[in-house]
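Quick note: numbers below take in every heavy atom, side chains included, and nothing from hydrogens, waters or symmetry partners. Note on naming: letters A, B, ... go to the chains in the order of the sequence lines (proteins, then strands), and numbering restarts at 1 for each one.
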Number of protein chains: 2
Amino acid sequence: MAVTIYDVAREANVSMATVSRVVNGNQNVKPATRKKVLECIERLGYRPNAVARGLASKRTTTVGVIVPDISKSYYAELSRGIADVATMYEYNIILSNSDKRTSREVELLEDHLGKQVDGLIFMSDSITEEIRHEMETANVPIVLAGTLGSGTNLPTVNIDHEQAAYEAVKKLIDNGHKRIAYVSGPLTRDINRLCKKVGYERAIKEAGLPIIEEYFIETDNTYDDAYEQWRKLSTMKERPTAIFAGNDEIAVGIMNGIRDDGFTVPTDIELICFQHTLLSRAVRPQLTAIVVPLYDLGAVSMRLLTKLMNGEEVEQMEVELPYRIEERQSTN
Amino acid sequence: MAVTIYDVAREANVSMATVSRVVNGNQNVKPATRKKVLECIERLGYRPNAVARGLASKRTTTVGVIVPDISKSYYAELSRGIADVATMYEYNIILSNSDKRTSREVELLEDHLGKQVDGLIFMSDSITEEIRHEMETANVPIVLAGTLGSGTNLPTVNIDHEQAAYEAVKKLIDNGHKRIAYVSGPLTRDINRLCKKVGYERAIKEAGLPIIEEYFIETDNTYDDAYEQWRKLSTMKERPTAIFAGNDEIAVGIMNGIRDDGFTVPTDIELICFQHTLLSRAVRPQLTAIVVPLYDLGAVSMRLLTKLMNGEEVEQMEVELPYRIEERQSTN
DNA sequence: ATGAAAGCGCTAACAG
DNA sequence: CTGTTAGCGCTTTCAT
């Protein structure tokens with residue numbers, strides 16, 4: 001049996017209340033008493049039981065993080081931001097992978113809530129009706145990190161993907177391109193359908209260029225699929241001269257396809273993408289990219305959550321972080 | 001106030017013991033009663049409080065995972081393996097980053113233990129005396145994942161890095177190379193000092209070649225540093241003709257250095273490395289690499305932990321997973 | 001098959 | 001400044 005607060009109290013000849021006070025840093029303890037108690041704690045190797053504490057205080061100092069897939073560098077980076085701020089505010093994190101399956105997301109929400117997390121950070125492609133409903137039953141704050149709230153009025157931290165996509169494509173247009181393809185991730189994802197694609201089309205239209213259906217390519221977001229999909233573009237009579245890619249993994253797949261066909265980037269084809277990983281900088285030529293502040297997205301989300309958990313007034317429930325476009329070697 | 005087991009009991013006209021039984025799937029409940037209880041649970045929206053349950057049962061169905069840095073794809077991949085098996089056995093995961101700082105590791109161990117995790121998976125560079133001591137105070141099983149036990153007799157899941165390094169270098173030797181450099185991560189890490197370097201030297205010696213001090217380059221394990229360090233190699237009169245890199249991020253840094261200097265891989269210089277990320281396959285030429293089964297390392301660790309937590313007899317406390325060398329384009 | 005009752009280890013009034 | 005006393009919500013004997 002582990003040593004309990006009661007053992008310490010007995011050993012130190014004080015009540016458990018006093019022990020509790022010194023453990024919790026309550027000032028109402030005579031220094032001498034504190035010292036005595038601390039000694040006993042040390043001697044007995046007492047380690048407060050957070051579960052009992054959680055039950056008694058109704059705070060677990062634990063927050064849930066539901067993420068599509070932690071093995072994806074995008075979410076891993078974001079999670080690190082969350083974790084660092086969590087540590088700063090003395091919260092632990094329960095981390096679960098949803099694979100973006102709604103049924104799993106619901107399960108996890110239920111699960112985390114059952115574990116009495118003090119708050120929750122949620123990441124996904126989109127908030128389905130079911131999820132939204134589930135979230136309403138929660139009695140703790142939930143913030144969406146890098147995730148579209150779409151209609152929910154949930155607190156959110158994100159960047160303006162639509163505008164970022166617009167600017168990226170605009171840049172290609174300014175470089176004189178007329179035939180610009182967009183190689184996207186799955187359109188089932190709100191972020192691709194509602195943001196990146198819309199930004200792309202806005203830039204194209206604004207420049208008075210036609211929206212060409214064939215210039216839109218959907219991939220499953222993997223390097224390998226992107227590499228394959230390049231075929232579609234390469235065999236067109238009116239081959240695009242510039243490509244906007246949904247992320248750098250796609251961009252690298254495309255770029256390798258381009259080069260394996262004997263073309264050169266950026267001479268023959270210019271390339272720009274969203275940067276989610278080291279890939280953008282590690283490949284040659286390095287990719288001109290929209291740098292997404294993943295770590296900050298996580299950190300700010302967690303910071304927002306701490307405020308919400310503390311019942312602090314929060315002015316901005318929808319935080320929009322800045323991004324920047326870093327010009328490298330895949331554009332002129 | 002949330003609805004409790006007592007509310008359900010009252011509503012269903014049974015005792016809380018009975019409600020507890022149906023919630024926990026105990027068979028000693030008349031089907032009719034079970035049905036009635038289930039209805040009330042549904043109607044009231046009852047959600048069992050895992051904290052109270054944990055306190056009463058002394059099992060939290062939560063395991064701790066202490067990882068150096070989740071944003072590193074190496075650990076992210078491993079963690080995903082852990083998480084999937086954890087889900088399978090209905091455990092949640094508390095995930096914390098240690099940045100490999102011993103003081104932080106001790107803190108986290110203490111912290112997780114306080115949260116009453118049922119078990120712990122630990123990853124780091126090496127187990128210091130302090131950590132080992134801390135681990136001894138734990139009353140739950142701890143397994144080391146992808147981490148050298150070095151003398152502790154803790155359960156461990158890993159690959160034979162020494163042998164893998166040996167085979168990689170051997171391959172270079174078989175390809176006729178006499179001047180083979182080893183570009184390593186920090187030697188402060190057991191895995192580099194005690195495994196990879198030793199394997200490298202074993203292969204060199206076995207081939208009757210001299211161990212040349214200059215051919216050993218230490219980096220901080222980042223792409224950027226590796227890129228810089230290439231200078232040291234490039235300016236040597238007896239420039240190496242083959243390089244063994246501690247991981248693919250290093251390898252890519254080196255490779256880009258090589259190419260920016262106008263040399264060609266593998267024609268001028270052959271390259272082989274440990275594969276930790278997608279990088280190996282995404283760069284051109286693709287890197288010949290020792291494929292480390294990161295996901296499996298995590299999955300098997302967690303599986304082992306479940307056995308330990310169940311008090312099952314475990315025959316092998318030190319599991320060694322197979323690896324393979326995948327020949328790609330950076331070697332002939 | 002079901003209920004009563006005693007904790008699990010701690011916090012949080014409330015007294016003094 | 002310190003002690004007493006209720007719980008927190010659930011599991012778990014032990015009876016019945």
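The shortest distance between the side-chain N/O atoms of B:N24 and the OP1/OP2 oxygens of D:dT11 is below 4.0 Å. Residue B:T4 places no side-chain N or O under 4.0 Å from the OP1 or OP2 atom of D:dG9. Contact check, B:S20 against D:dT11: a side-chain N or O comes under 4.0 Å of OP1 or OP2. Proximity of A:T33 to the phosphate of D:dC1: no side-chain N or O atom is located under 4.0 Å from OP1 or OP2. Taking 4.0 angstrom as the limit, B:T18 places a side-chain polar atom (N or O) nearer than this to OP1 or OP2 of C:dG3. Remark: A:K58 is in phosphate contact with D:dG9, judged by side-chain N or O atoms under 4.0 Å from OP1 or OP2. Remark: A:S57 is not in phosphate contact with C:dT11, judged by side-chain N or O atoms under 4.0 Å from OP1 or OP2.
No donor-acceptor pair closer than 3.5 Å links the side chain of A:S20 to the backbone N or O of A:M16. A donor-acceptor pair is defined here as one N or O able to donate and one able to accept, closer than 3.5 Å; such a pair exists between the side chain of A:D7 and the backbone of A:T4. At distances below 3.5 Å, not a single donor-acceptor pair connects side-chain atoms of B:D118 with backbone N or O atoms of B:V63. With hydrogens and angles ignored, the 3.5 Å screen pairs a side-chain donor or acceptor of B:T128 with a backbone N or O of B:I131. Between the side chain of A:S79 and the backbone N or O of A:E77 there is no donor-acceptor pair closer than 3.5 Å.
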Notebook entry, point to check: After noting the C-alpha distance and the side-chain angles of B:V67 and B:N97, does the key distance pass the side-chain contact (heavy atoms from CB on, under 4.5 Å) rule?
Noted result: CA-CA 5 Å; B:V67 72; B:N97 301 94; 3.8 Å; yes

Checklist entry - So A:K35 and A:E39, salt bridge (charged side-chain N to carboxylate O under 4.0 Å, His left out) or not? Walk me through it. => result CA-CA 6 Å; A:K35 185 155 172 293; A:E39 263 171 33; 3.5 Å; yes

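Computed from coordinates, the B:Q116 CD to D:dC10 P distance equals 19 Å when rounded to whole Å. Between the C1' atom of C:dT11 and the CG atom of A:N28 lies a distance of 15 Å, rounded to the nearest Å. Regarding A:D7, its CG atom lies at a distance of 9 Å from the P atom of C:dG9, rounded to whole Å. Summarising the geometry, the separation between CG on B:N26 and P on D:dT12 is reported as 10 Å, rounded to the nearest angstrom. Between A:K115 atom NZ and D:dG9 atom P there is a gap of 18 Å when expressed in whole angstrom units. Per the geometry, CZ belonging to B:R59 stands 12 Å off P belonging to D:dT11, to the nearest Å.
Relative to the side chain of B:R53, the nucleotides D:dT11, D:dT4, C:dT2 differ in distance, and D:dT11 lies closest. In this structure, the nucleotide among D:dG7, C:dA1, C:dC8 sitting nearest to the side chain of A:A56 is D:dG7.
Using a 4.0 Å cutoff on non-hydrogen atoms, the parts of residues 35-51 of chain B near DNA chain D are B:Y46, B:P48, B:N49, ordered by number.
A salt bridge is absent between A:D111 and A:K115: the closest approach of a Lys/Arg side-chain nitrogen to an acidic carboxylate oxygen does not fall below 4.0 angstrom.
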For nucleotides 14-16 of chain D, list the nitrogen or oxygen atoms of the protein found under 3.5 Å from its nitrogen or oxygen atoms, one pair per line.
none

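From A:I66, atom CD1 reaches atom CD of A:E107 across 10.5 Å, with rounding to the nearest 0.5 Å.
Among the heavy atoms of the strands lying under 4.0 Å from A:N13 are primed sugar atoms or P, OP1, OP2 only; no base atom is included. Counting any heavy atom pair closer than 4.0 Å across all strands shown, A:V14 reaches sugar-phosphate atoms only and no base atom.
Nucleotides of DNA chain C nearest to B:L55 and B:V29 differ in position, and the one nearer the 5' end is that of B:V29.
Looking at heavy atoms from C-beta onward, A:L144 lies out of side-chain contact with A:M123 at the 4.5 angstrom threshold.
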